[in-house]
Amino acid sequence: MKMNNAKYRATKTLQIASLSGLLAIVSLMTGPVQAASQDKIPGYTNTPLVPGTKWHVHDPNRPQPKIVTTAGPISQPPPSDAIVLFDGQSMDAFARSWGNKNPVEWLIKDGVVTIQKDPKTGKNQSIRTKQSFGDMQLHVEWRSPAQLEKHPPARGNSGLFLMGRYELQIMQSHNNKNYPDGQAAAVYGQTPPLVNASRPADEWNSYDIVFEAPEFDKEGNVLKKAHVTVFHNGVLVQLRTPILGPTRHKKTTPYKAHKAKEPLVIQDHGSPVSFRNIWVRELDLTRP
């Protein structure tokens with residue numbers, strides 16, 4: 001059946017108008033899908049507030065730290081009074097963490113040690129130092145893998161648990177927006193770094209950390225909170241930042257009294273992060 005030109009044009013105009021209206025309704029209901037997928041930052045707004053702030057733990061709306069680029073050398077040889085934890089040859093200074101008595105089985109190659117899962121069980125294998133530490137200066141060099149996971153919070157994910165409780169986050173945070181208290185050099189779940197000094201994936205980063213251990217009275221009350229100062233690739237990112245308690249995912253946790261010295265834990269979070277040149281200096285912060 002043939003249709004005259006005027007009637008055909010009127011029918012097509014009606015169809016296009018109807019389709020445009022439908023797309024407008026879908027857009028109002030769903031928003032700009034492409035923009036949302038590109039701009040959305042992972043995080044949570046149903047978690048507790050970080051004490052003393054207006055932000056939730058892992059809040060995606062918290063301001064992103066300013067990006068600062070670095071290009072200079074980051075390796076720092078251990079001073080004469082340092083305890084060398086990893087010299088490129090041996091992991092003898094470490095044992096398995098979380099009560100596992102099996103030996104450390106991370107991969108050592110060309111002076112670098114890389115996280116790998118337990119060859120027997122396929123499970124993650126976090127490690128701890130055999131020696132315990134309180135107040136200390138800590139130097140760690142780390143590198144995220146070249147091949148990154150698609151999910152931002154999983155990219156190059158590891159962490160340094162000072163005294164096994166207070167995490168300084170390791171994360172690939174170069175061109176990888178995440179909730180700010182979970183990016184590189186954040187006190188995890190508490191305080192983002194002052195700036196984002198991360199280098200690209202497969203490039204070495206350094207942390208130079210001064211950690212002041214917490215103090216408790218005989219009844220277990222907190223006399224002094226733990227504090228941390230951090231230089232990331234030579235850039236100051238934490239300045240005597242108070243640690244609000246043990247760090248946890250999606251939680252705030254109060255202090256619980258513990259020993260004056262505890263092991264350093266390096267987390268296996270399932271990402272093959274590499275490490276080199278790890279050393280520590282015990283500090284005596286009491287002065288006459």
Side-chain angles (χ1 to χ4, degrees), residues 41-44 50 55 57-76 112-115 126 137-162 165-211 227-241 243-244 247-250 264-278:
I41 297 173
Y44 309 89
V50 177
W55 307 109
V57 177
H58 313 322
D59 197 326
N61 300 310
R62 199 167 185 171
Q64 291 283 330
K66 175 184 174 182
I67 294 173
V68 172
T69 59
T70 63
I74 51 109
S75 194
Q76 178 68 38
V112 173
V113 63
T114 300
I115 296 172
S126 297
Q137 176 186 347
L138 174 65
H139 177 86
V140 178
E141 296 169 24
W142 60 272
R143 180 181 66 190
S144 62
Q147 298 298 323
L148 293 173
E149 302 85 347
K150 291 183 179 179
H151 185 49
R155 293 179 179 175
N157 194 339
S158 179
L160 303 174
F161 282 80
L162 308 167
R165 292 170 172 82
Y166 314 110
E167 183 183 8
L168 185 71
Q169 177 77 326
I170 289 175
M171 173 69 64
Q172 173 46 42
S173 295
H174 182 269
N175 287 335
N176 178 39
K177 287 185 178 180
N178 191 19
Y179 45 81
D181 66 20
Q183 76 160 69
V187 177
Y188 184 71
Q190 297 182 11
T191 309
L194 293 169
V195 296
N196 180 354
S198 296
R199 293 185 174 181
D202 207 31
E203 290 190 16
W204 285 100
N205 289 261
S206 70
Y207 284 163
D208 287 285
I209 302 163
V210 175
F211 175 70
H227 290 75
V228 66
T229 296
V230 182
F231 288 84
H232 183 189
N233 295 329
V235 177
L236 181 67
V237 292
Q238 303 281 358
L239 178 59
R240 205 165 183 271
T241 301
I243 297 176
L244 308 177
T247 56
R248 296 287 186 273
H249 181 57
K250 298 172 66 174
L264 166 70
V265 171
I266 304 180
Q267 181 191 43
D268 176 1
H269 201 279
S271 184
V273 178
S274 299
F275 297 88
R276 69 182 186 189
N277 192 24
I278 307 174

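Here the structure is a predicted model, which means the values were calculated and not measured. Both backbone and side-chain heavy atoms feed into the values below; hydrogens, waters and symmetry mates do not.
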* **Nearest-0.5 Å distance, CG of residue D181 to CZ of residue R62** => 5.5 Å
* Asked: Which value, rounded to the nearest 0.5 Å, describes the distance between H269 atom NE2 and I170 atom CD1?
  -> 12.0 Å
* To do: Go through the steps to decide whether H58 and Y188 satisfy the test side chain to side chain contact (heavy atoms under 4.5 Å, CB included), and finish with yes or no.
  => CA-CA 9 Å; H58 313 322; Y188 184 71; 3.4 Å; yes
* Whether over 12 other heavy atoms sit under 6.0 Å from H227 NE2 -> yes
* **Heavy-atom check, side chain of T191 versus side chain of V228, under 4.5 Å** => no
* **Single hit among F161, Y207, F211 for side chain to side chain contact (heavy atoms under 4.5 Å, CB included) with L168** => Y207
* To do: Step by step, work out the side chain to side chain contact (heavy atoms under 4.5 Å, CB included) result for T241 and Q190.
  => CA-CA 10 Å; T241 301; Q190 297 182 11; over 6 Å; no
* Between CE of M171 and CG of N176, what distance do you get to the nearest 0.5 Å? -> 7.0 Å
* Asked: If we only count heavy atoms from C-beta on, is the Y166 to V187 side-chain gap below 4.5 Å?
  -> no
* Verify, without hydrogens or angle tests, whether S173 (side chain) and A184 (backbone) share a donor-acceptor contact under 3.5 angstrom. => yes
* Taking the side chain as every heavy atom from C-beta outward, state whether F275 and I115 have any pair of such atoms under 4.5 Å apart. => yes
* To do: Would you tell me whether Q172 and S144 have side-chain atoms, one donor and one acceptor, within less than 3.5 Å of each other?
  => yes
* Structure fact -> When rounded to the nearest 0.5 Å, the distance separating CG of L160 from CD1 of I278 is 8.0 Å
* **Shortest non-hydrogen separation from V265 to S126 and the atoms involved** => CG1-CB, 4.5 Å
* Quick one: does V195's side chain get under 4.5 Å of I67's, heavy atoms only? -> no
* For the student: nearest non-hydrogen atoms of A185 and V237, plus distance -> CB-CG2, 3.8 Å
* Test log, rule side chain to side chain contact (heavy atoms under 4.5 Å, CB included), inputs W204 and S274 -> CA-CA 9 Å; W204 285 100; S274 299; 4.1 Å; yes
* Are side-chain heavy atoms of Q76 and S206 found at a separation under 4.5 Å? -> no
* Do you know the tightest heavy-atom contact between R199 and G72? -> NH2-O, 2.7 Å
* Within a strict 4.5 Å, meaning less than it, do heavy atoms of the N205 and I74 side chains meet? -> no
* Asked: Can you find a pair of side-chain heavy atoms, one from P180 and one from P63, that are under 4.5 Å apart?
  -> no
* For A186, does its backbone N or O pair with a side-chain atom of E167 as donor and acceptor, under 3.5 Å? -> no
* Asked: Can T229 and Q238 be said to form a side chain to side chain contact (heavy atoms under 4.5 Å, CB included), step by step?
  -> CA-CA 5 Å; T229 296; Q238 303 281 358; 5.7 Å; no
* Does a side chain donor of either E141 or S75 reach within less than 3.5 Å of an acceptor in the other side chain? -> yes
* Asked: Applying salt bridge (Lys or Arg N to Asp or Glu O under 4.0 Å), which residue pairs with at least one partner in residues 228-241 are found, sequence neighbours left out?
  -> E212-R240
* To do: Hey, could you give me the CH2/CG distance between W142 and N277, rounded to the nearest 0.5 Å?
  => 15.5 Å
* Criterion side chain to side chain donor-acceptor pair (under 3.5 Å) on S271 and R155, from CA distance to verdict -> CA-CA 7 Å; S271 184; R155 293 179 179 175; over 6 Å; no
* **R276 and R143, any side-chain heavy atoms less than 4.5 Å apart** => no
* Structure fact -> Separation between CG (N178) and CD1 (I41), nearest 0.5 Å, reads 8.5 Å
* For S158 and I266, which heavy atoms make the closest approach, and how far apart are they? -> OG-CG2, 4.1 Å
